[in-house]
Student: 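Let me give you the structure first, and then I'll get to my questions.
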Amino acid sequence: MQWRWLRENDPVHLHEATDYPAFWALTKYDDVKAVFRDAETFSSARGILLRPSGHGADPGGGRTLALTDPPRHRQLRGLVDEWFTVRSVRAIEAKMREVAGSVIDLAVEREQCDFVEDIAARIPLYMICSMMGVPQADWEKLFRLSREAFGAGDAMTRRFAHMDIMGHFQNLAAEKAANPGDDLVSVLVAGRIDGERLSQEEILLNCDNLFVGGAENTRIAASGGMLAFMEHPQQWRLLVDDPGLLPTAVDEVLRWTSTPTHIMRTATRPVEIRGRQIAAGDLVTLWLPSANRDEDVFDDPDRFDVRRQPNRHLALGFGEHFCVGSVLARVEIRFLYQEIIERKLDVEAAGEPVPLDSIVVNGPKSLPVRLVPRR
Ligand code: HEM
C-alpha cells in the first residue's frame with residue numbers, strides 16, 4: 001500500500017537518515033529499469049544493499065561479481081558465465097529432478113513439513129554445491145550451516161556459521177588449486193583477468209556470492225510462489241490441468257514474490273530523475289516489489305495470473321548485473337512444481353506462514369504444509 005502511494009505521489013523519495021544513511025527510494029518500474037541499465041552512473045562497487053550506518057562498507061565492495069563495476073565486472077563475469085547458460089543448466093537437469101523428487105518423496109512420508117526448509121531450500125543449495133564442486137558428502141553439512149548463517153538465530157551463531165562456510169570454501173579452493181576439477185571453484189581459482197590471477201580473498205568472496213545467490217532467493221521465491229498458489233487455488237488448478245503453463249507461471253511467481261526487496265546503487269555523478277536532483281555519492285535504492293506491481297506497466301498488477309504475458313518483471317534485475325543464475329533459478333522453480341504435479345499431489349496449509357523479517361529479502365520464513373494426494 002505504501003508503495004502504491006509512493007508510486008503515485010513521490011516516486012523518487014528522499015528517505016532521511018535514521019540508523020541507515022539517507023537514501024533515495026525509487027518505486028516506479030521505468031526509473032528502476034533505467035538505473036539498472038546505467039552501470040556507469042549508478043555504481044555497485046560500494047555495495048548493493050542498505051547497511052546500517054555503523055556497519056561500514058561492504059567487505060566485498062569492488063571484488064565480487066555483484067559488487068564490481070565495468071570494465072572489471074565484465075571480465076569477472078566472463079569467467080563464470082559459461083556455467084550458467086541454458087546448455088550448462090540442461091546438463092544438470094537430471095540431477096535436479098532427482099533431488100526435487102527425493103525431497104518431495106520425503107515430505108510426503110511426513111505428517112506435515114515446512115515447505116521452505118524441507119522442500120524449497122534443499123534443491124537450490126544442492127545444485128549450487130554440485131556446480132561449485134563441493135563433494136556430495138558435504139552438501140548436507142553446508143545445508144545445515146547455511147540455515148544457521150542466514151536463519152533467525154542470534155548474531156553470534158550466524159556469524160560463526162558463516163565463518164564455517166567461508167572456511168569450507170577456503171579448503172575447497174586449496175584442493176582445487178592442487179587438483180583442478182570441472183567446477184565453478186576451479187574456474188575461479190584458475191581464472192585470470194588481464195593476465196593476473198584472482199587474489200585468495202577475491203576467490204573466497206566470489207564463492208560466497210555464488211553460494212548465497214544460488215541458495216537464498218530461489219528458496220524464498222519457490223516458497224512464496226507455493227503460498228501464492230495456496231491462496232489462489234484456481235491458479236494451481238490451471239497449472240495442474242495444463243503443465244505447459246509452467247514457464248509463464250514461473251515468471252509470474254518471480255514477479256509476484258519479487259524476493260530481493262531492494263537493490264542499491266551509488267550515484268557517480270549528479271543526475272536528475274523526475275525533477276529530483278541526485279548528487280554524486282548519493283545512495284539510490286530500487287524497490288523491486290513496487291516496480292513489479294507498477295500499474296503503468298502491468299495490467300491488473302495485484303492479480304496473480306499464471307498465464308500473464310508479457311511479463312517483463314525486474315525480479316532478476318536488468319542490464320549489466322542481470323542475475324547470472326536466472327536460467328538456473330527458473331529451471332529449479334519449474335522442476336519443483338512439476339514434480340509435485342506429476343506425483344499427483346496437492347499442497348495444503350498445515351499452519352500459519354511466518355514471514356521473513358528483513359529489508360533485504362521478503363517472503364516466507366516458514367510455510368507449514370501437508371502434501372496430500374490430489375482430490
Ligand atoms: C529466484 C531466484 C533469484 C532471484 C530473484 C535473483 C535476483 C537477482 C537480482 C535482482 C540480481 C541483480 C543484482 C544487481 O543488479 O545488483 C541478481 C544478481 C545475481 N544473482 Fe541472482 N537471483 C536468483 C537466483 C540466483 C541463482 C540461482 C544464482 C546462482 C548462482 C544467483 C546468483 C547471482 C549473482 C552471482 C548475481 C550477481 C551478478 C552480477 O552482478 O553480474 N542468483 N540476482
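Ligands are counted one by one from 1 in listed order, and the atoms in each one are counted from 1 as well.
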Student: Would you call Glu117 and Arg147 a salt bridge, using N to O less than 4.0 angstrom?
Tutor: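 Looking at Glu117 and Arg147, the cut-off is met.
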Student: Parallel, tilted or perpendicular, judged at 30° and 60°: which one describes the rings of Trp139 and Tyr126?
Tutor: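 Tilted.
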Student: For ligand 1 and Glu332, I'd like to know whether there is a polar contact (N/O to N/O, distance under 3.5 Å).
Tutor: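 No, there is no polar N/O contact under 3.5 Å.
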Student: Would you kindly specify which portion of Arg77 sits under 4.0 Å from ligand 1, judged on non-hydrogen atoms: side chain, backbone, both or neither?
Tutor: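 Near ligand 1, Arg77 shows its side chain, while the N, CA, C and O stay back.
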Student: Indicate, with yes or no, if the rings of His232 and Trp256 have centres closer together than 6.0 Å.
Tutor: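 For His232 and Trp256, the ring centres are under 6.0 Å apart.
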Student: Do Arg7 and Ser290 pair up side chain to side chain, a donor and an acceptor below 3.5 Å, judged on atom types alone?
Tutor: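 Per modelled atom types, Arg7 and Ser290 side chains form a pair under 3.5 Å.
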Student: Just say parallel, tilted or perpendicular for the rings of Trp287 and Phe23, cut-offs at 30° and 60°.
Tutor: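 Rings of Trp287 and Phe23: tilted, as their planes differ by 30° to 60°.
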Student: We want to know whether Asp183 and Ser186 form a side-chain donor-acceptor pair, criterion being a heavy-atom distance below 3.5 angstrom.
Tutor: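 Looking only at side-chain atoms, Ser186 and Asp183 do form a donor-acceptor pair, the distance falling under 3.5 Å.
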Student: Judged by modelled atom types alone, do Asn206 and Thr64 share a side-chain donor-acceptor pair under 3.5 Å?
Tutor: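 Judged by distance alone, the side chains do not pair up.
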Student: Using side-chain hydrogen bond (donor to acceptor under 3.5 Å, both in side chains) as the criterion, list what pairs up with Ser102, not counting sequence neighbours.
Tutor: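 Residues passing side-chain hydrogen bond (donor to acceptor under 3.5 Å, both in side chains) with Ser102: none at all.
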Student: Which of the numbered atoms in ligand 1 are under 4.0 angstrom from any heavy atom belonging to Ile263?
Tutor: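 So the atoms of ligand 1 that pass are 13 (C), 14 (C), 16 (O).
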Student: Counting both backbone and side chain atoms, is some N or O of Asn209 under 3.5 Å from an N or O of ligand 1?
Tutor: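 N/O-N/O distance below 3.5 Å does not exist for this pair.
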Student: Looking at Ile48, which atoms of ligand 1 are within less than 4.0 Å of one of its heavy atoms?
Tutor: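 Answer for ligand 1: 16 (O).
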Student: Is the closest heavy atom of Phe84 to ligand 1 under 4.0 Å?
Tutor: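 Yes.
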Student: Counting only heavy atoms closer than 4.0 Å, does ligand 1 sit against the backbone of Leu254, its side chain, both, or neither?
Tutor: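 Only the side chain of Leu254 comes within reach of ligand 1.
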Student: With 2.8 Å as the limit, jot down which protein N, O or S atoms are around atom 21 (Fe) of ligand 1.
Tutor: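 Listed by chain and number, the nearby protein N, O or S atoms are Cys323 SG.
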Student: May I ask you to list the atoms of ligand 1 that are less than 4.0 angstrom from any heavy atom of Ala315?
Tutor: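 Within the 4.0 Å cut-off of Ala315, ligand 1 contributes 5 (C), 7 (C), 10 (C).
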Student: Any ion pair linking Lys28 and Glu8 (charged N to carboxylate O, less than 4.0 Å)?
Tutor: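 Salt bridge: no.
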Student: Can you tell whether the side chains of Glu342 and Arg97 come within less than 4.0 Å, N to carboxylate O?
Tutor: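 Arg97 and Glu342: salt-bridged.
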Student: Whether Asp302 and Arg293 form a salt bridge (side-chain N of Lys/Arg under 4.0 Å from carboxylate O of Asp/Glu) is what I want to check.
Tutor: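 Salt bridge between Arg293 and Asp302, a charged N being under 4.0 Å from a carboxylate O: yes.
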Student: Classify the ring geometry between Tyr337 and Trp236 as parallel (under 30°), tilted (30 to 60°) or perpendicular (over 60°).
Tutor: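 Perpendicular, since the angle between the ring planes exceeds 60°.
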Student: Give a yes/no verdict on whether any heavy atom in Ser44 is under 4.0 Å from an atom of ligand 1.
Tutor: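 No.
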Student: Using a 4.0 Å cut-off to any heavy atom of Leu65, which atoms of ligand 1 qualify?
Tutor: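 Those of ligand 1 that fall under 4.0 Å from Leu65 are 35 (C), 39 (C), 40 (O), 41 (O).
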Student: By number and element, which atoms of ligand 1 are closer than 4.0 Å to a non-hydrogen atom of Ala221?
Tutor: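 Under 4.0 Å from Ala221, ligand 1 has these atoms: 1 (C).
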Student: Would you kindly specify which portion of Ile128 sits under 4.0 Å from ligand 1, judged on non-hydrogen atoms: side chain, backbone, both or neither?
Tutor: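 For Ile128, the contact with ligand 1 is made by the side chain alone.
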Student: Does the pair Glu320/Arg77 count as a salt bridge with the N-to-O cut at 4.0 Å?
Tutor: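 No.
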Student: What residue and atom, counting heavy atoms only, is the protein's closest point to atom 40 (O) of ligand 1, and at what distance?
Tutor: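 Closest protein heavy atom to atom 40 (O) of ligand 1: His321 ND1, 2.5 Å.
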Student: List ligand 1 atoms under 4.0 Å from Phe36, heavy atoms only on the residue side.
Tutor: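 Per the distance check, 15 (O).
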Student: Can Thr41 and Arg269 be counted as having a side-chain donor-acceptor contact under 3.5 angstrom?
Tutor: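 Thr41 vs Arg269: donor-acceptor pair found between side chains.
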Student: Has His73 got any heavy atom lying under 4.0 angstrom from an atom of ligand 1?
Tutor: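 Per 4.0 Å heavy-atom rule, His73 contacts ligand 1.
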Student: Are Arg265 and ligand 1 in contact, using a heavy-atom cut-off of under 4.0 Å?
Tutor: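 Under 4.0 Å: yes for Arg265.
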Student: Is there any N or O on Thr259 that sits under 3.5 Å from an N or O of ligand 1?
Tutor: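 It does not: no N or O of Thr259 is found under 3.5 Å from an N or O of ligand 1.
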